[in-house]
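Below: one structure, written as structure tokens.
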Amino acid sequence: MKKAKYVFVTGGVTSSLGKGIVSASLAKLLQARGYSVTIQKFDPYINVDPGTLNPYEHGECFVTEDGAETDLDLGHYERFLNIPTSQNNNVTTGRVYQTVIENERRGEYLGKTVQVIPHITDEIKRRMQLLGNSGEYDIVITEIGGTVGDIESLPYVESVRQLIWDLGSENTAVIHLTLIPYLSAAGELKTKPTQHSVKMLLEQGVQPDILVCRTEKHLAPEMRKKIALFCNVHPNAVIESIDVKTIYEVPLVMLKEKLDKVVLSKLKLSSKNEPDLKSWRDFLFRLEHPKSEVRIALVGKYVELPDAYKSINEAFIHGGAANECKVNVQYVHSELITESNIKHKLSGFDGILVAPGFGHRGIEGKLLAVKYARENNIPFFGICLGMQCSVIEFARNVLGLKDAHSSEMDSATLNPVIDLMEEQKKITDKGGTMRLGSYACDLTKNSNANRAYGKQKINERHRHRYEFNDKYKERMEAAGMKITGVNPATGLAEIVEIANHPWFVGVQFHPELKSTVDNPHPLFVKFIKAASEHRGSNA
Ligand code: GLN
């Protein structure tokens with residue numbers, strides 16, 4: 001049984017400073033020193049989970065093995081640490097309030113007035129310690145979403161303040177991530193926003209132990225001293241986090257700055273074991289020294305916001321490094337693809353990926369992209385809605401079922417080749433009701449999928465309502481679209497492939513969610529390989 005120590009990561013000055021990456025990088029360093037570490041994120045919004053949020057609002061929704069719809073930072077945690085997260089790794093204000101209100105309705109507060117302090121803060125503290133109390137971890141890193149000073153973050157900062165008292169100073173460390181802006185007109189880096197942001201934390205009763213300062217330019221020693229003096233931290237605890245080319249360099253930058261050592265010394269833990277980062281460095285070397293390049297078109301409708309396809313982009317980075325190949329992913333807006341411009345839009349690409357998504361908008365462009373890939377023998381990878389599109393396109397253009405569609409887009413179609421499962425038809429609530437989380441899948445021998453995974457039994461994560469309609473299976477297979485992955489429990493089709501094609505694979509699940517630095521996803525690795533073999537033939 002391990003007794004966990006706690007690191008809290010807060011953010012100041014602005015959002016988007018990369019708390020998730022700093023937390024994941026610290027966790028990586030501690031893990032590489034032999035500690036068992038996990039990271040959790042507390043988000044101050046009132047949605048119970050981000051599952052009902054539009055990707056434009058909050059980027060991609062990351063799904064865990066146990067089927068929780070979570071913040072995309074959990075994806076970074078998994079990609080860096082190579083261990084799965086769970087429902088308990090992401091908590092929102094909505095979930096906290098939901099629990100407290102349910103307790104109140106059950107009469108558990110015995111007639112007391114239910115208040116932010118202590119009832120909400122107690123529930124936050126309970127959840128902050130859930131993973132730590134499992135006995136599995138030496139260190140639990142807790143990232144607090146939002147920026148210090150926001151009204152919504154107050155109960156979280158207050159909970160951190162109380163936990164420092166409950167657990168003792170040697171069992172807790174607070175890292176505050178801030179920005180040191182460079183004013184080009186003055187030619188100077190400015191520390192004032194950081195001073196103010198630390199003051200704000202102090203007003204709320206929390207003295208940060210460590211400051212991680214995001215900056216475009218190096219901090220001179222006098223500047224570090226000045227920040228230390230004004231913010232009441234040790235000069236060694238002022239950590240520079242300079243802009244780097246890729247997020248995967250951040251652990252090495254943090255190592256150089258000794259962030260891990262400073263944290264371990266605050267927690268009174270040994271830093272004797274040097275971190276073993278060999279495989280991480282190998283990955284970075286391959287990433288930064290590619291021997292070839294491929295161009296991949298990512299056809300989707302949320303292309304204005306790169307975070308909407310975060311895990312897919314990262315999976316391309318992992319799979320590219322595995323192939324020693326730079327993957328140049330270009331977004332193609334599915335709404336703007338038409339029959340007359342498709343050649344122009346998609347020529348020059350070595351592979352085409354049709355992205356996941358919901359709703360009717362942009363669907364016809366996706367279908368055209370599938371058709372183009374199928375007819376021109378361009379390596380094709382369809383993910384979730386992308387797989388469903390490949391089935392619809394095949395039914396329409398090969399089987400000749402002109403009105404074939406998904407009942408999500410056309411509930412009246414006579415040929416719903418993608419349809420709602422019976423158990424989904426009764427569901428009216430939108431939150432947390434899709435087919436979510438990990439499901440088993442059996443692969444057909446010698447299929448592209450089987451060759452990629454190198455085994456026949458796999459597990460992948462899902463997030464969708466609609467499914468391949470088995471009524472069309474025989475006709476599809478006879479015409480050349482094979483079901484090469486089946487859910488052993490339900491018989492649902494999870495993978496389709498076209499045999500007579502260089503590489504055409506559609507998957508109902510989300511392989512991108514399981515790709516990590518240490519384990520690049522085999523389907524991405526093989527798709528990139530197929531694209532590089534195909535290179536140049538789609539001029
Ligand atoms: N909209 C489709 C469904 O619900 C696909 C979802 C997805 O691509 N994640 O089945």
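Whatever order the structure lists them in is the order used to number ligands and atoms, beginning at 1.
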More than 12 heavy atoms of other residues, nucleotides or ligands under 6.0 Å from CD of Glu375: is that the case?
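Counting neighbours around CD of Glu375, more than 12 heavy atoms of other residues, nucleotides or ligands fall under 6.0 Å, so yes.
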
For Asp243, enumerate each residue passing the salt bridge (Lys or Arg N to Asp or Glu O under 4.0 Å) test, keeping only those at least two apart in sequence or located in another chain.
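Counting only residues at least two positions away or on another chain, Asp243 forms a salt bridge (Lys or Arg N to Asp or Glu O under 4.0 Å) with Arg214.
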
Under the rule for salt bridge (Lys or Arg N to Asp or Glu O under 4.0 Å), what residues qualify as partners of Lys310, not counting sequence neighbours?
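Once residues adjacent in sequence are excluded, the partners of Lys310 under the salt bridge (Lys or Arg N to Asp or Glu O under 4.0 Å) criterion are Asp307.
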
Sort and list the pairs that fulfil salt bridge (charged side-chain N to carboxylate O under 4.0 Å, His left out) and have at least one residue in residues 78-101, not counting sequence neighbours.
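Counting only pairs at least two positions apart or across chains, the salt bridge (charged side-chain N to carboxylate O under 4.0 Å, His left out) contacts touching residues 78-101 are Asp49-Arg95, Glu78-Arg461.
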
Have a look at His521 and tell me which of Phe316, Phe527, Tyr453, Phe509 forms a ring pair (Phe, Tyr, Trp, His ring centres under 6.0 Å) with it.
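Output: one option passes, namely Tyr453.
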
I'd like to know if the side chain of Trp280 and the backbone of Tyr248 have a donor-acceptor N/O pair within less than 3.5 Å.
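Flag set: sc Trp280 to bb Tyr248 pair under 3.5 Å.
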
Show the distances, to 0.1 Å, for all pairs joining an N/O atom of ligand 1 and a protein N/O atom that are shorter than 3.5 Å, listing one pair per line.
{"unit_1": "ligand 1", "atom_1": "1 (N)", "unit_2": "Gly357", "atom_2": "O", "d": "3.0"}
{"unit_1": "ligand 1", "atom_1": "1 (N)", "unit_2": "Glu408", "atom_2": "OE1", "d": "2.7"}
{"unit_1": "ligand 1", "atom_1": "1 (N)", "unit_2": "Glu408", "atom_2": "OE2", "d": "3.1"}
{"unit_1": "ligand 1", "atom_1": "4 (O)", "unit_2": "Arg465", "atom_2": "N", "d": "3.0"}
{"unit_1": "ligand 1", "atom_1": "8 (O)", "unit_2": "Gly357", "atom_2": "N", "d": "2.9"}
{"unit_1": "ligand 1", "atom_1": "8 (O)", "unit_2": "Gly357", "atom_2": "O", "d": "3.4"}
{"unit_1": "ligand 1", "atom_1": "8 (O)", "unit_2": "Leu385", "atom_2": "N", "d": "3.0"}
{"unit_1": "ligand 1", "atom_1": "9 (N)", "unit_2": "Arg463", "atom_2": "O", "d": "2.9"}
{"unit_1": "ligand 1", "atom_1": "9 (N)", "unit_2": "His510", "atom_2": "NE2", "d": "3.2"}
{"unit_1": "ligand 1", "atom_1": "10 (O)", "unit_2": "Gln388", "atom_2": "NE2", "d": "3.1"}
{"unit_1": "ligand 1", "atom_1": "10 (O)", "unit_2": "Arg465", "atom_2": "N", "d": "3.2"}
{"unit_1": "ligand 1", "atom_1": "10 (O)", "unit_2": "Tyr466", "atom_2": "N", "d": "2.8"}

